[in-house]
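Residues take their numbers from the sequence shown, with the count starting at 1.
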Amino acid sequence: MTTTLILGGARSGKSAHAEALAKASGLPVTYIATAQVYDAEFAARIQQHQQRRPAEWRLVEAPHFLAETLRQHSSPDTCIIVDCLTVWLAQWICADCQPPASSSWEAEQAALLAALQALPGQLILVSNEVGMGIVPLGAINRQFQDLQGRLNQAVAARCEQVLFMAAGLPLTLKSAG
């Protein structure tokens, strides 16, 4: 498996770059979307992403059980994009997002980190870098920032390649070569 993590801020070009890498792989692409629609503005954002993707790409929606979804859809001849880890985390820790009672954030994060070591094929993970600003007000906001930073570090340690996006330009933070 080849794993790539693409980090960056909002509107930095993370998703577009992930999609370009997937197209360049020459492999069939499965796009794992972690977002759920919560309001009209977010629905419009999702629609923009959908319109940009090739029609032949397979779409799988996985707002919670990402490791299991990856195990189900990974194969040596497939490229998978996960967009994004940030929304996935938020849906686990936000009570309003109704995370499943059958598991927990800690269990699902551990499952993802374990799965990253054994998946076949090519995997491209998209995540936001949320630690470059001030520490936010509100306990849930600080919890999210802390958990996202720790998740990004743990995923980056398991990836062969890590890129940081700024203004649509990739900066290589880690490379296998």
Side-chain angles (χ1 to χ4, degrees), residues 1-35 42 44-54 57 59-60 62 66-67 69-70 73-74 76 78-93 105 108-110 112-136 141-177:
M1 153 145 297
T2 302
T3 55
T4 300
L5 174 62
I6 302 175
L7 298 165
R11 298 291 169 254
S12 62
K14 300 178 303 292
S15 296
H17 193 69
E19 293 163 8
L21 291 176
K23 286 177 190 174
S25 77
L27 297 170
V29 176
T30 298
Y31 190 102
I32 298 178
T34 61
F42 201 66
R45 286 175 180 258
I46 291 171
Q47 185 176 26
Q48 288 175 341
H49 278 249
Q50 291 169 336
Q51 291 172 344
R52 191 172 65 208
R53 294 192 299 260
W57 286 9
L59 173 64
V60 176
L66 184 54
T69 303
L70 285 169
H73 296 282
S74 293
T78 300
C79 178
I80 293 179
I81 296 174
V82 174
D83 198 358
C84 75
L85 296 179
T86 311
V87 172
W88 177 63
L89 163 62
Q91 292 173 146
W92 270 107
I93 68 167
W105 164 246
E108 292 305 315
Q109 177 181 327
L112 173 66
L113 296 175
L116 291 179
Q117 308 294 34
L119 297 170
Q122 184 170 337
L123 177 61
I124 303 167
L125 301 151
V126 176
S127 190
N128 284 57
E129 174 53 62
V130 298
M132 297 179 76
I134 62 170
V135 175
N141 298 324
R142 288 187 300 275
Q143 177 191 20
F144 173 77
Q145 188 179 53
D146 291 347
L147 291 173
Q148 186 67 60
R150 290 183 193 118
L151 174 63
N152 287 345
Q153 289 180 50
V155 170
R158 289 161 176 80
C159 289
E160 288 85 14
Q161 182 176 29
V162 180
L163 305 173
F164 183 80
M165 297 296 299
L169 301 172
L171 172 64
T172 301
L173 301 178
K174 179 180 177 183
S175 179

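Just one residue in the list Thr4, Asp83, Leu5, Leu7 forms a side-chain contact (heavy atoms from CB on, under 4.5 Å) with Val126, and that residue is Asp83. Under the side-chain contact (heavy atoms from CB on, under 4.5 Å) rule, Val60 has a single partner from Thr34, Leu70, Thr30, Val82, which is Thr30.
With hydrogens and angles ignored, the 3.5 Å screen pairs a side-chain donor or acceptor of Arg158 with a backbone N or O of Ala154. Listed for the Thr78 side chain is no donor-acceptor partner under 3.5 Å among the backbone atoms of Pro28. Thr86 places a side-chain N or O within 3.5 Å of a backbone atom of Asn128 that can act as its donor or acceptor partner.
Of the inter-residue distances, the one linking Leu66 atom CG with Gln91 atom CD reads 11.0 Å to the nearest 0.5 angstrom. Put simply, NE2 on His73 and CD1 on Ile80 are 7.5 Å apart, with the number rounded to the nearest 0.5 Å. Leu89 CG to Glu108 CD: the interatomic distance, rounded to the nearest 0.5 Å, is 12.0 Å. Between the CG atom of Leu123 and the SG atom of Cys79 there is a distance of 8.0 Å, given to the nearest 0.5 Å. Between atom CD of residue Gln145 and atom CD of residue Glu129 there is a gap of 8.5 Å, rounded to the nearest 0.5 Å. Rounded to the nearest 0.5 Å, atoms CD1 (Ile81) and CD (Gln122) are 9.0 Å apart.
Leu147 and Trp105 make their closest contact through CD2-NE1, 3.9 Å (heavy atoms, listed as atom of the first residue, atom of the second, distance). Across all non-hydrogen atoms, the minimal contact from Ala35 to Ile46 is CB-CD1, 4.0 Å. Taking all atoms of both residues into account, the shortest heavy-atom contact from Phe164 to Gly8 is CE1-CA, 3.9 Å. Of all heavy-atom pairs between Arg52 and Lys23, the closest is O-NZ, 4.5 Å. Residues Thr69 and Ala62 come closest through the heavy atom pair OG1-CB, 3.4 Å. Shown here for Ser15 and His49, the closest heavy-atom pair between the two residues is OG-CE1, 3.1 Å.
At least one side-chain heavy atom of Val155 sits less than 4.5 Å from a side-chain heavy atom of Leu151. Put simply, the side chain of Cys159 reaches to within 4.5 Å of the side chain of Leu125, judged on heavy atoms.
Classified by interplanar angle (parallel below 30°, tilted 30° to 60°, perpendicular above 60°), the ring pair Tyr31/Trp57 is parallel.
Residues satisfying the side chain to side chain contact (heavy atoms under 4.5 Å, CB included) test with Ser12, not counting sequence neighbours, are Lys14, Met165.
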- [ ] Please step through side chain to side chain contact (heavy atoms under 4.5 Å, CB included) for the pair Arg53 and Leu59, ending with a clear verdict.
- [x] CA-CA 10 Å; Arg53 294 192 299 260; Leu59 173 64; 3.8 Å; yes
